[in-house]
Every structure is written in C-alpha cells, then in structure tokens.
Amino acid sequence: MSEFKPKSDFLRVLSERGYIHQCSDFAGLDEKARKERITAYVGYDCTASSLHIGNLISAMMLHWLQQTGHRPITLMGGGTTRVGDPSGKDETRKLLTVDQIEANKNSIRGVFSRFLDYGATGTGAIMVDNAEWLTKLNYIDMLRDIGRHFSINRMLTMDSVKLRLEREQELSFIEFNYMILQSYDFVELSRMHDCCLQMGGSDQWGNIVNGVELGRRMGSQQLYALTTPLLTTASGAKMGKTASGAVWLNADVFSPYDYWQYWRNTEDADVGRFLKLFTILPLAEIARLEALAGSEINEAKKVLATEATALLHGRAAADEAAETARKTFEQGVAADTLPTISISAIELDAGIGVLSAFVTAGLVPSTGEARRQIQGGGLRVNDELVSDPRSVLREANLRDGVIKLSMGKKRHILLKPN
RNA sequence: GGGGGAAUGUCCCGAGCGGCAAAGGGGGCGGACUGUAAAUCCGCUGGCUAUGCCUUCGCAGGUUCGAGUCCUGCUUCCCCCA
C-alpha cells in the first residue's frame with residue numbers, strides 16, 4: 001500500500017503523515033475523494049468520562065478530512081456502548097448503566113470542537129448519537145432486514161470472536177451483536193448523511209468491514225473502510241499509559257501541564273512519527289526537527305509537546321505549560337503555575353506530617369508508599385531530600401507562600417495555605 | 001443430568017509440605033547513569049495513629065494452638081459425557 005500514490009488531497013495527507021494502516025479499496029476511495037466531497041465518520045464509545053490519547057489519532061484524521069475539503073461526522077456510541085464492544089478485550093466488561101453512558105457522552109463530546117469545525121457549511125462537522133436509531137429498532141424487523149445478511153459462519157472467523165473462543169473465554173450474545181449494530185450504523189449514516197467512509201483503529205477493522213459488506217448487501221452506495229495503525233512507542237509499549245493511568249484528553253482529569261509533560265517525555269525514536277500524527281506542523285518543518293540528533297532532539301520534543309497541547313487545550317495553555325516546564329526543569333525554580341493544592345493555614349500552623357502532606361498532594365497513594373519513597377530517596381520538600389518520615393511541615397517551610405513537594409525528578413505539586 | 005478441573009496480593013500472569021503479608025515474572029514507581037530520551041544496573045511494589053496493630057488467597061461455615069493450604073455447603077467459570 002505504501003507504493004500507492006494517492007491523488008486526492010485527503011489520502012495524500014493521511015498517507016504522508018502515517019495515519020493509514022488498511023483500506024478496503026484505496027484506489028476507489030482516492031478516486032472518489034478526488035472527484036467529490038465525501039463524508040466520513042468515526043465512532044466513539046462512551047465507556048469513560050473522557051476520551052484518551054488512543055482516540056486522538058482518529059480525531060486527527062477527521063481534522064485532516066475537513067481540512068482537505070470533506071465533511072466529518074463524529075458518532076457518539078450512546079447506543080452501542082449499552083451493548084459493549086468485545087474487540088480486543090479478554091473478558092466481558094461490566095455493562096454501564098444508561099445514566100452513566102449519557103453522562104460520559106456529554107463529558108466527551110466537548111473535545112471534538114478543538115479539532116473540528118461544527119459550522120453549518122458544506123464541510124461543517126456533524127455530531128450524531130447512534131442511540132437515536134438503535135434504541136428504536138424492533139427486534140423482529142431487525143432480524144429480517146439486517147440479521148439475514150450476517151453469516152454466523154463468517155462472524156465466527158472474526159478476530160474479536162475467534163480470540164474469545166480459542167481462549168475459551170465467555171462471549172455473551174449481547175457482545176456478539178455488537179458488530180451487527182456497528183455495521184448497521186454505517187449503513188444508516190450512509191442513508192442519512194451520504195456517509196461513505198468509516199475510519200477507526202486497526203482493532204476496528206473487522207467491525208468496519210462488516211459495515212461495508214452490509215451496505216453492499218442492502219444496496220446502499222459503495223462504502224469504504226480505513227484504519228490507522230495501532231499506536232505503540234518505539235520500545236513497544238502501548239501508548240497512553242502513565243503512572244496515574246491513561247492520558248486523558250479532558251483537562252479536568254488530566255491537566256494541560258501533565259499533557260505537555262507526556263509529550264515532552266516521548267522517546268527519541270518516536271519524535272518524527274508523533275509530530276506528523278499529533279501536530280499540524282508542515283512536513284518540511286517536521287523533517288527539520290526530526291533530523292536533530294543527540295540532545296538537540298529535546299528541542300523537537302518541546303515543539304511536539306507545545307504543538308500537541310495547543311491543539312487540544314489552546315495556545316495559551318500550551319505556552320503556560322511550556323513555561324512552567326522551563327522554569328521547573330531548566331532553572332530549577334518553583335513556577336507558581338505548577339499544579340497547586342490548597343491546604344488549611346490552621347492545620348499548617350499545627351504542623352502537617354510529611355507523609356500525609358504527600359498523600360494530600362496526591363503524589364503517593366498512601367503513607368506507606370510515602371515511607372517507601374523516602375527510603376528510596378524519592379521525595380523532596382522545597383528540593384531538599386526528605387530523610388525522616390516523622391518530620392513535620394510548618395509555616396517555616398513556606399517559600400514565597402508555598403511549599404513545593406516533589407516525587408522523583410518530574411512530579412511536583414505546590415501546597416498553598418489559605 | 002453425570003464426571004473432571006479452576007478461582008491467590010483490587011494492574012496482570014503465577015508458585016504455594018498446616019506457621020504466610022504469601023516464591024517468581026511482567027507492568028509500575030523510585031535511585032544511579034543521561035538529555036525530563038532509550039538501553040543498563042540497583043531498590044521498592046497490602047493498610048495504619050507503626051519496632052506494634054489491622055486486613056488480604058471466590059463466598060459461608062467447620063476442624064486446629066494456628067488455615068491460602070484440611071473438611072462441608074454455596075457461587076462463578078472451563079472441559080468431557082448426556
């Protein structure tokens with residue numbers, strides 16, 4: 001596929017930037033995107049209150065889709081989340097309540113306006129929720145109209161199903177239906193919005209191709225599937241995991257500063273690839289940054305961090321995060337924009353044990369962990385190593401009105417009495 | 001319906017003669033080295049008002065000075081036969 005030279009702007013950009021893993025009909029899609037404005041969609045589960053970094057790549061594809069003159073649709077899986085996607089999961093996941101799903105949906109949808117323009121123009125993005133049509137399906141009608149197009153024989157060969165069966169793990173009937181509903185979504189969007197392309201992660205290939213197939217059998221227009229490569233770091237780890245869990249996109253669960261730090265800590269070998277995928281910098285500029293060798297590549301990492309953060313949280317937040325990092329790491333000063341936790345001045349007056357101070361700051365989960373970190377030389381107060389777990393923080397520890405707590409070299413929190 | 005297995009540290013995998021806060025991995029965190037990188041090496045990886053106390057091995061009982069380990073019942077999952 002890499003030798004194929006796309007003629008459409010859309011596929012050319014995606015291809016140059018490394019977004020493409022598989023396509024059901026690369027030439028056909030290219031031709032269509034060259035000749036006319038197409039509409040494409042990506043579906044998002046509502047299993048958590050925020051999207052995470054793994055969802056970013058498909059959001060970026062929608063961004064480029066719109067930039068190259070086409071129309072993106074973001075589909076919220078308000079209906080399908082009630083069923084649960086078995087793809088890539090070992091076990092049945094707990095079913096979420098409808099209320100939880102609704103809450104998640106509302107919490108998630110905001111981030112898309114960062115990447116897409118939902119204006120009323122021809123390329124204006126559309127947001128839909130598959131609960132709109134899925135919850136109205138009548139079981140018998142669905143079996144007759146949709147179900148008859150699905151072959152159990154073939155469904156059993158799909159990876160998501162096959163893996164479960166091979167490992168002798170439970171696959172419930174409700175999950176087994178997931179791919180049918182997702183396939184139907186595709187056909188429905190094709191009807192409603194003339195959508196001809198579904199994109200997603202490589203784990204979605206089976207589900208997407210089923211939709212293409214269903215469309216063919218139900219006589220809708222030619223549908224296309226396009227997937228992105230599974231994102232791993234150069235050392236093979238899955239992307240988006242940190243100490244505190246996933247890298248979330250919502251600022252209230254993962255601060256812009258932490259987000260900036262996540263990108264700043266990219267491995268050398270990934271810098272070029274990530275610049276192409278997660279920033280909108282021109283390729284020429286990226287080529288220059290990518291060519292930096294040795295410690296100079298740190299400059300490229302800062303650009304990556306700032307640009308990626310600006311895209312999600314806005315330029316101002318990105319610059320602030322960059323500045324905070326510069327002060328903290330390059331000057332060793334406590335920037336007042338570091339994440340801050342308020343504590344009561346009265347309690348500080350009485351003295352707060354270091355152990356509980358670090359727990360309050362959220363740097364360690366328990367006082368036991370704090371003790372261990374002290375033993376391992378990992379905790380600092382105002383950049384001074386903590387050696388005695390019984391020591392106490394008082395007013396005298398205030399520096400410019402705050403106490404700086406650090407775990408390791410990278411994680412800092414300011415305590416501020418009020 | 002009959003027969004046989006399985007469930008372990010709240011991240012995962014996994015060992016565990018009646019003395020167990022429970023081997024070993026992976027992952028994660030911290031330290032050293034660096035460039036806020038990778039690789040490598042070292043330490044840590046139940047909770048607490050902490051030389052002690054409390055809670056953990058699917059659930060509930062029982063035997064025992066003492067149970068993850070033995071017995072009984074139950075739940076869930078898997079395999080074979082019907």
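All values below were derived from every heavy atom in this structure, side-chain atoms included, with hydrogens, water molecules and symmetry-related copies excluded.
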Assess the pair [X] and [Y]: is the distance between their ring centroids shorter than 6.0 Å?
X	Y	value
Tyr44(A)	Phe112(A)	yes
Phe186(A)	Tyr41(A)	yes
Phe10(A)	Trp64(A)	no

Could you tell me whether [X] and [Y] make a salt bridge, using a distance below 4.0 angstrom between a side-chain N and a carboxylate O?
X	Y	value
Arg394(A)	Glu347(A)	no
Asp141(A)	Arg144(A)	no
Asp268(A)	Lys301(A)	yes
Lys404(A)	Asp383(A)	yes
Glu330(A)	Lys302(A)	yes

Just call it for [X]: base, sugar-phosphate, or nothing, with non-hydrogen atoms closer than 4.0 Å on any strand.
X	result
Arg372(A)	sugar-phosphate
Thr266(A)	sugar-phosphate
Glu330(A)	nothing
Ser366(A)	sugar-phosphate

Euclidean distance for [atom1], [N] against [M] (whole angstrom):
N	M	atom1	result
A21(B)	G52(B)	C1'	15 Å
A22(B)	A67(B)	C1'	13 Å
U40(B)	G25(B)	P	15 Å
A38(B)	G47(B)	P	27 Å
C70(B)	A15(B)	P	15 Å
C20(B)	G68(B)	P	11 Å
U69(B)	U63(B)	P	15 Å
G61(B)	U56(B)	P	12 Å

Using Watson-Crick or G-U wobble geometry with both distances below 3.5 Å, tell me the partner of [N], or none.
N	value
G46(B)	C54(B)
G24(B)	C13(B)
U36(B)	none
G1(B)	C81(B)
G61(B)	C71(B)
A6(B)	U76(B)

Figure out the [atom1]/[atom2] separation between [X] and [N], and round it to whole Å.
X	N	atom1	atom2	answer
Arg273(A)	A37(B)	CZ	P	19 Å
Glu267(A)	G35(B)	CD	C1'	14 Å
Arg380(A)	G30(B)	CZ	C1'	11 Å
Arg411(A)	G30(B)	CZ	C1'	11 Å

For the side chain of [X], counting heavy atoms from C-beta on, which of [options] is nearest?
X	options	result
Asp268(A)	G30(B), U36(B), G35(B)	G35(B)
Ser295(A)	A50(B), G35(B), U36(B)	G35(B)
Ile297(A)	A32(B), C44(B), G35(B)	G35(B)
Gln373(A)	U36(B), G35(B), G30(B)	G30(B)
Lys301(A)	G35(B), C44(B), C29(B)	G35(B)

Original post:
In residues 340-350 of chain A, which residues come under 4.0 Å of RNA chain B by heavy atom?
Top reply: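 Within residues 340-350 of chain A, no residue comes under 4.0 Å of RNA chain B.
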**OP:** If the plane angle is over 60° it's perpendicular, under 30° parallel, otherwise tilted; pick one for Trp263(A) and Phe278(A).
**Re:**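 Judged by the thresholds at 30° and 60°, the geometry between Trp263(A) and Phe278(A) is tilted.
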**OP:** Check the chi torsion on C78(B) and let me know: syn if it falls within 90° of 0, anti if not.
**Re:** anti
Original post:
Hey, is the side chain of Lys409(A) pairing donor to acceptor with the base of U34(B) inside 3.5 Å?
Top reply: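 Flag set: donor-acceptor pair detected.
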**OP:** Classify the side chain of Gln261(A) versus the base of U36(B) as yes if they form a donor-acceptor pair under 3.5 Å and no if they do not.
**Re:**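 Answer yes: a donor N or O sits under 3.5 Å from an acceptor.
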**OP:** Report yes if a side-chain nitrogen or oxygen of Lys327(A) is closer than 4.0 Å to either non-bridging phosphate oxygen (OP1 or OP2) of U36(B); otherwise report no.
**Re:**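 No, no such contact exists.
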Subject >> Pairwise 5' ranking along RNA chain B for Ala322(A) and Gly368(A), keeping only the more 5' one >> reply: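 Nearest-nucleotide comparison on RNA chain B picks Ala322(A).
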Subject >> RNA chain B: 5'-proximal contact among Trp260(A) and Arg371(A) (nearest heavy atom) >> reply: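 Looking at RNA chain B, the more 5' nearest nucleotide goes with Trp260(A).
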**OP:** Using modelled atom types only, decide if a donor and an acceptor are shared between the side chain of Thr123(A) and the backbone of Gln66(A) within a distance under 3.5 Å.
**Re:** no
